[in-house]
J.: 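This structure is in structure tokens; I'll ask about it shortly.
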Amino acid sequence: MNDRRARKSREISKQTGITEALIERLVRRFYDRVRADDMLGPVFAERITDWEPHLQRMFAFWSSVALQTGRYHGRPMQKHAPLPVDARHFDRWLQLFEETARELCAPPAADLFIERAHNIAASLEMGVALHNDVLLQPGERLRRPFSEATETHPL
Ligand code: HEM
């Protein structure tokens, strides 16, 4: 990490209490819940058998998003666009994430994680919609089955 980036990360960490160790605790606890969840568990189980590499990627992702460390290099949109999910899955994901963040983090840290998660979830939901030829209007949510698009792109 260059000096400027490292200074910025330290500053955010000082302001919010977010550390790499906190990110690791949050991510591990969150995915324990995701895996046990009736709606989300099966979507992940279909695609992830070896969880440790996924968790390591998620530590790097949240380190980049929350601490601006630049540790994550990936393309989340490509991974999410083809998933068989809609607004209900994103809402459930956010609900579990929010519960976990509130439980483990002080308010400045929880607020930052939750705000970022909402923004990224909205953009991923837009990506899933576009992948299915559905163009969401601002504030509109993705509901399956789609009206016309569903005829040509069944789940
Ligand atoms: C409907 C809700 C979601 C579901 C069902 C879901 C599911 C998944 C699955 C199955 C993978 C593994 C993909 C693969 O390796 O083939 C994955 C990866 C990932 N997810 Fe999600 N996800 C959801 C929402 C989110 C949100 C809201 C975020 C960010 C705030 C996120 C961030 C990521 C990241 C960073 C990866 C790693 C991508 C990579 O670099 O390989 N996901 N997700």
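Remember, it's 1-based here, ligands and their atoms both numbered in the order they're listed. Predicted model only: the values in this text are computed from it and were never measured. Values reported hereafter were calculated over all heavy atoms of this structure, with side chains retained and with hydrogens, waters and symmetry mates removed. Numbers for residues simply follow the sequence, beginning at 1.
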J.: Examine H80 against ligand 1 and note whether any of their N/O atoms are separated by less than 3.5 Å.
T.: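 Yes - when backbone and side-chain N and O of H80 are compared with those of ligand 1, one distance drops under 3.5 Å.
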J.: For R71, does its backbone N or O pair with a side-chain atom of S63 as donor and acceptor, under 3.5 Å?
T.: no
J.: If we only count N/O pairs under 3.5 Å, is K79 in contact with ligand 1?
T.: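 Yes, there is a polar N/O contact under 3.5 Å.
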J.: Per the side chain to side chain contact (heavy atoms under 4.5 Å, CB included) rule, which among R33, R25, R28, Q95 passes with T100?
T.: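 Of R33, R25, R28, Q95, side chain to side chain contact (heavy atoms under 4.5 Å, CB included) with T100 is met by R33 alone.
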J.: Could you check which of I120, L96, I48, V65 puts a non-hydrogen atom nearest to atom 29 (C) of ligand 1?
T.: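 When every heavy atom of I120, L96, I48, V65 is considered, I120 comes closest to atom 29 (C) of ligand 1.
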J.: Is any side-chain N of the basic residue among R57 and E52 closer than 4.0 Å to the acidic one's carboxylate O?
T.: no
J.: Based purely on interatomic distance, does W62 place a nitrogen or oxygen under 3.5 Å from a nitrogen or oxygen of ligand 1?
T.: no
J.: Could you list which atoms of ligand 1 come closer than 4.0 Å to a heavy atom of A121?
T.: 27 (C)
J.: Got the closest protein heavy atom to atom 18 (C) of ligand 1, with its distance?
T.: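 The protein heavy atom lying closest is H54 CE1, 3.5 Å.
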J.: Compare all side-chain heavy atoms of L83 with those of F44 and state whether any distance is below 4.5 angstrom.
T.: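 Side chain of L83 against side chain of F44, heavy atoms only: no contact under 4.5 Å found.
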J.: For atom 9 (C) of ligand 1, find the nearest protein heavy atom and state the residue, atom name and distance (0.1 Å precision).
T.: F44 CE2, 3.6 Å
J.: Tell me if a side-chain donor or acceptor on R116 pairs with a main-chain N or O of V65 at a distance below 3.5 Å.
T.: yes
J.: For S13 and T19, does a side-chain donor sit closer than 3.5 Å to a side-chain acceptor?
T.: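 Their side chains do not contain a donor-acceptor pair, so the 3.5 Å distance test is not met.
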J.: For atom 34 (C) of ligand 1, which of the options H118, R88, M58 provides the nearest non-hydrogen atom?
T.: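 Comparing heavy atoms across H118, R88, M58, the nearest one to atom 34 (C) of ligand 1 lies in M58.
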J.: Between D91 and R141, does a salt bridge (Lys or Arg N to Asp or Glu O under 4.0 Å) hold up when you go through it step by step?
T.: CA-CA 10 Å; D91 286 347; R141 304 299 306 277; 3.0 Å; yes
J.: Just wondering, do E125 and H80 contact through their side chains at under 4.5 Å, heavy atoms?
T.: no
J.: Look at atom 1 (C) of ligand 1 and say which protein heavy atom is nearest, naming residue and atom and giving the distance to 0.1 Å.
T.: H89 CB, 3.5 Å
J.: Any atoms of ligand 1 less than 4.0 Å from a non-hydrogen atom of V43? List them with their elements.
T.: 5 (C)
J.: Within the structure, is a non-hydrogen atom of E46 found at a distance of less than 4.0 Å from ligand 1?
T.: no
J.: For ligand 1, does F61 get within less than 4.0 Å through its side chain, its backbone, both, or neither, judged by non-hydrogen atoms?
T.: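 Only the side chain of F61 comes within reach of ligand 1.
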J.: Where on L83 is there a heavy atom closer than 4.0 Å to ligand 1, on the side chain, on the backbone, on both, or on neither?
T.: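 Near ligand 1, L83 shows its side chain, while the N, CA, C and O stay back.
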J.: Students often mix this up, so state it plainly: with edges at 30° and 60°, are the rings of F113 and F97 parallel, tilted or perpendicular?
T.: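 Ring orientation of F113 relative to F97: perpendicular.
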J.: Apply side chain to side chain contact (heavy atoms under 4.5 Å, CB included) to M58 and Y72, showing your working.
T.: CA-CA 8 Å; M58 297 313 294; Y72 173 75; over 6 Å; no
J.: Which residue owns the protein heavy atom closest to atom 24 (C) of ligand 1, what's the atom, and how far is it?
T.: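 Its nearest protein heavy-atom neighbour is W93 NE1, 3.2 Å.
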J.: Report yes if some N/O of Y72 lies less than 3.5 Å from some N/O of ligand 1; otherwise report no.
T.: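 There is such a contact, yes.
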J.: Any atom of ligand 1 sitting under 4.0 Å from a heavy atom of F97?
T.: no
